[in-house]
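Once you've had a glance at the structure underneath, I'll fire off some questions.
Just so you know, these numbers use all the heavy atoms, side chains as well, and skip hydrogens, waters and symmetry mates. Along the sequence shown, residues carry numbers from 1. These numbers were taken from a predicted model, which means no experiment stands behind them.
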Amino acid sequence: MTGRLAVAALVLMTACAPRAADVPPNATEPDAAHVALAETIVPDDPDLAAIYDRSCRTCHALPGLGAPLAGDSAAWEARRAERGDDGLLASVKSGRNAMPALGYCPDCTDEEFKALIAFMSTEGEQ
Ligand code: HEC
């Protein structure tokens with residue numbers, strides 16, 4: 001009887017353990033170096049840096065939101081491979097999951113979005 005209870009308890013505990021399916025499909029697990037990098041880098045161009053600072057940076061410099069981090073080129077490459085540059089541009093314009101349409105930059109041009117994506121998807125200086 002005790003043995004059966006133990007088995008039942010074990011089954012229940014296993015059922016409560018996090019499963020792979022609980023992890024959002026777009027969550028990336030950046031390493032500490034990439035987290036630190038994302039916190040510090042900004043585009044060289046001062047105008048682009050100002051836009052980045054008030055929009056994309058809000059989410060793309062923070063781990064845990066599911067956004068590919070600025071400077072983490074591997075995370076961006078996987079997305080580019082799937083959707084191409086046009087697909088990435090379309091995602092920011094129309095929004096994607098937790099990213100609102102236009103990524104907090106309602107007045108950005110396509111050129112500015114492309115430059116911001118190029119900046120974020122390039123491996124930064126370490
Ligand atoms: C409010 C948070 C937030 C802001 C602000 C934001 N993003 Fe995002 N972004 C995300 C999240 C979250 C994802 C991952 C979405 C997903 O695939 O689930 C993402 C993904 C992306 C992608 C990849 C889309 C794809 O198709 O895989 C691009 C490109 C992108 N963001 C560009 C930008 C740009 C450019 C800006 C600034 C103008 C910006 N984002 C601002 C949260 C944000």
Side-chain angles (χ1 to χ4, degrees):
M1 190 60 180
T2 321
R4 270 202 192 159
L5 274 177
V7 169
L10 197 68
V11 168
L12 279 175
M13 279 163 60
T14 314
C16 293
R19 286 161 296 128
D22 292 335
V23 179
N26 294 300
T28 50
E29 291 291 341
D31 56 33
H34 280 114
V35 172
L37 179 68
E39 282 169 3
T40 52
I41 57 172
V42 288
D44 288 336
D45 178 89
D47 293 335
L48 202 66
I51 298 173
Y52 174 69
D53 213 36
R54 64 166 195 263
S55 55
C56 326
R57 190 178 195 172
T58 314
C59 303
H60 285 272
L62 278 183
L65 299 177
L69 291 183
D72 186 355
S73 57
W76 287 91
E77 239 0 273
R79 292 170 179 273
R80 184 172 277 120
E82 218 166 283
R83 285 178 279 287
D85 283 321
D86 290 349
L88 296 186
L89 177 63
S91 290
V92 64
K93 289 177 79 173
S94 54
R96 183 179 161 85
N97 296 326
M99 176 163 65
L102 306 175
Y104 291 175
C105 189
D107 54 349
C108 270
T109 63
D110 281 8
E111 294 316 308
E112 285 166 333
F113 281 135
K114 284 184 198 166
L116 288 162
I117 294 169
F119 157 71
M120 290 196 285
S121 59
T122 303
E123 189 77 21
E125 308 282 302
Q126 300 232 25

> What distance separates Ile117 CD1 from Leu89 CG, expressed to the nearest 0.5 Å?
Replying inline: 5.5 Å
> Glu112 side chain to Thr109 main-chain N or O, any donor-acceptor pair under 3.5 Å?
Replying inline: yes
>> Taking disulfide bond (SG atoms under 2.5 Å apart) as the cut-off, I'd like each qualifying pair that reaches into residues 87-117, sequence neighbours left out, listed once.
In response: Cys105-Cys108
> Is there side-chain contact between Leu69 and Val35, with heavy atoms separated by less than 4.5 Å?
Replying inline: yes
>> Please find the pair of heavy atoms, one from His34 and one from Gly71, that lie closest to each other, and give the distance.
In response: CD2-O, 3.8 Å
>> Rounded to the nearest 0.5 Å, what separates atom CD in Glu123 from atom OG in Ser73?
In response: 3.5 Å
>> Please find the pair of heavy atoms, one from Pro68 and one from Arg79, that lie closest to each other, and give the distance.
In response: CG-NE, 3.5 Å
> Under the salt bridge (charged side-chain N to carboxylate O under 4.0 Å, His left out) rule, what pairs show up with a residue in residues 39-50, not counting sequence neighbours?
Replying inline: none
>> Run the salt bridge (charged side-chain N to carboxylate O under 4.0 Å, His left out) test against Asp86 and tell me which residues pass, sequence neighbours left out.
In response: none
> What are the two closest non-hydrogen atoms of Pro63 and Pro30, and how far apart are they?
Replying inline: CB-CG, 4.2 Å
>> Run the disulfide bond (SG atoms under 2.5 Å apart) test against Cys59 and tell me which residues pass, sequence neighbours left out.
In response: none
>> With side chain to side chain donor-acceptor pair (under 3.5 Å) as the rule and sequence neighbours excluded, what pairs involving residues 49-71 come up?
In response: Asp53-Arg57
> Can you list the residues that meet the side-chain hydrogen bond (donor to acceptor under 3.5 Å, both in side chains) rule with Ser121, with sequence neighbours excluded?
Replying inline: Arg80
